[in-house]
Amino acid sequence: MPYIAGYLAFREAPALLDLLTRLKETKPELYPQIAFVDGNGTLHPRRFGLACHFGVLADIPCIGVAKNFLEIPTESLTIKDTKQVSREHLHGAGAWLPIVGKMTHDLLGAALRASSESVNPVFVSPGHRVSLATSVALAAACCKYRVPEPVRAADSASRQLVREITARSQ
DNA sequence: GCGACAG
DNA sequence: ATCTTGTCGC
C-alpha cells in the first residue's frame with residue numbers, strides 16, 4: 001500500500017492487527033493493556049488517525065505519538081504555527097501544550113517536550129479508550145529520549161530486521 | 001495550478 | 001520516510 005498523508009491507517013493498521021493476533025496466539029501473557037502507535041490519534045484531518053483506527057479494530061486502549069506534525073487545514077493548524085508556539089512555550093522536560101482546533105475549538109492533541117535535550121516536541125493524541133491527559137502522562141513517563149520507549153524500540157527492531165533482510169539478499 | 005503532507 | 005554533510009559530547 002502506498003503512503004498517503006492522512007490515510008496512514010489504511011497502510012499500517014492491517015499489519016498491526018496481524019501482529020496483535022500473532023502475539024495472542026504465541027505469547028498471550030504479553031498481550032498489551034494499552035498500545036502506543038507511531039502516528040496520530042484524534043490529531044488528524046478527520047479526527048481519526050491510525051491510533052483510532054487500530055484501537056477500534058483491536059478494541060484496546062491506544063495512544064498516538066507522531067514525530068512530525070500533520071497539518072489540519074480545516075482547523076487552521078499548520079506546522080509553522082505549531083512549531084513556533086512549541087518553541088516559545090515548551091521549556092522543561094514533560095512540558096506540554098494542548099493543540100486546539102481554531103475553528104471548532106475542539107481539543108485534538110498535545111505537543112510534548114519529552115526531555116530538556118529535545119527541542120522538537122512529539123505530538124500526542126488519544127486513539128481509543130484513553131483521555132488526552134492520560135495519553136500525555138503515559139507518553140511522558142515512557143520518555144528516556146524524545147520518542148517514548150515503546151515506539152522507539154519497535155522502530156529500532158523493525159529497522160534492524162529490514163537491514164538483515166536487505167543484507168541477506170545481496 | 002501551487003503548496004502541504006503522520007510514515 | 002530516505003539520504004548526505006557537519007558538529008557536539010561521552
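Chain naming here is simple, since letters A, B, ... match the order of the sequence lines and numbering starts at 1 in each.
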Suppose you measure atom C1' in dA1(C) against the same atom in dA4(B); what distance do you get, rounded to whole Å?
16 Å
Can you see which heavy atom on Val136(A) is nearest to which on Ala110(A), and at what distance?
CG2-CB, 3.8 Å
Which part of the nucleic acid does Asn40(A) contact within heavy-atom distance under 4.0 Å: base, sugar-phosphate only, or nothing?
base
Would you mind reading off the distance between Glu71(A) atom CD and dA4(B) atom P, rounded to a whole angstrom?
8 Å
Need one value for Gly6(A): base, sugar-phosphate or nothing, where a base atom within 4.0 Å counts as base even if backbone is also close, heavy atoms only.
base
Using a cut-off of under 3.5 Å, enumerate the N/O to N/O pairs linking the protein to nucleotides 2-4 of chain C.
unit_1 : atom_1 : unit_2    : atom_2 : d
dT2(C) : OP2    : Arg159(A) : NH1    : 2.7

Taking atom C1' of dA6(B) as reference, at what distance in whole Å does atom NZ of Lys83(A) sit?
12 Å
Rounded distance in Å - CZ (Phe69(A)) to C1' (dG3(B))
16 Å
Report yes or no: do Ile99(A) and Leu107(A) belong to one cluster of Ile/Leu/Val/Met/Phe/Trp/Tyr joined by side chain heavy-atom distances under 4.5 Å?
no
Do NZ/NE/NH1/NH2 and the carboxylate oxygens of Arg152(A) and Glu149(A) come within less than 4.0 Å?
yes
C1' gap between dT2(C) and dC5(B), integer Å:
16 Å
Using both pair distances under 3.5 Å as the test, note the stems of at least 3 consecutive Watson-Crick or G-U pairs that include DNA chain B.
none
Only one of Val65(A), Leu108(A), Thr82(A) forms a side chain to side chain contact (heavy atoms under 4.5 Å, CB included) with Phe123(A), so which one is it?
Thr82(A)
What contact category does Phe123(A) fall into here, base, sugar-phosphate, or nothing, at under 4.0 angstrom with non-hydrogen atoms?
nothing
Is any side-chain heavy atom of Arg146(A) closer than 4.5 Å to one of Asn120(A)?
yes
Can Asp81(A) and Lys102(A) be counted as an ion pair, charged N to O under 4.0 angstrom?
yes
Would you mind reading off the distance between Asp155(A) atom CG and dG7(B) atom P, rounded to a whole angstrom?
9 Å
In whole angstrom, give the distance that lies between atom CG of Asn68(A) and atom C1' of dA1(C).
9 Å
Just the rounded figure in Å: distance from C1' of dC5(B) to CG of Leu8(A).
12 Å
Is any side-chain heavy atom of Arg11(A) closer than 4.5 Å to one of Leu50(A)?
no
Considering only dA1(C), dC5(B), dA6(B), which nucleotide approaches the side chain of Ile79(A) most closely?
dC5(B)
Find the distance Leu43(A):CG to dA6(B):C1' and express it as a whole number of Å.
9 Å
Distance between C1' atoms of dG3(B) and dT4(C) (Å, rounded)
25 Å
Need one value for Ala5(A): base, sugar-phosphate or nothing, where a base atom within 4.0 Å counts as base even if backbone is also close, heavy atoms only.
base
Under 4.0 Å between a side-chain N/O of Lys67(A) and OP1 or OP2 of dA6(B), yes or no?
no
Cluster check Phe10(A), Ile4(A): I/L/V/M/F/W/Y, side chain < 4.5 angstrom:
yes
Roughly, in whole Å, what's the span from CZ in Arg163(A) to C1' in dA1(C)?
15 Å
What closest approach, in Å, do Leu132(A) and Ser125(A) show between heavy atoms, and which atom pair accounts for it?
CD1-CA, 4.3 Å
From CA spacing to verdict: ring-ring contact (aromatic ring centres under 6.0 Å, His included), Phe54(A), His128(A)
CA-CA 8 Å; Phe54(A) 171 69; His128(A) 188 53; 9.9 Å; no
Touch check for Phe10(A), heavy atoms < 4.0 angstrom, all strands: base, sugar-phosphate only, or nothing?
nothing
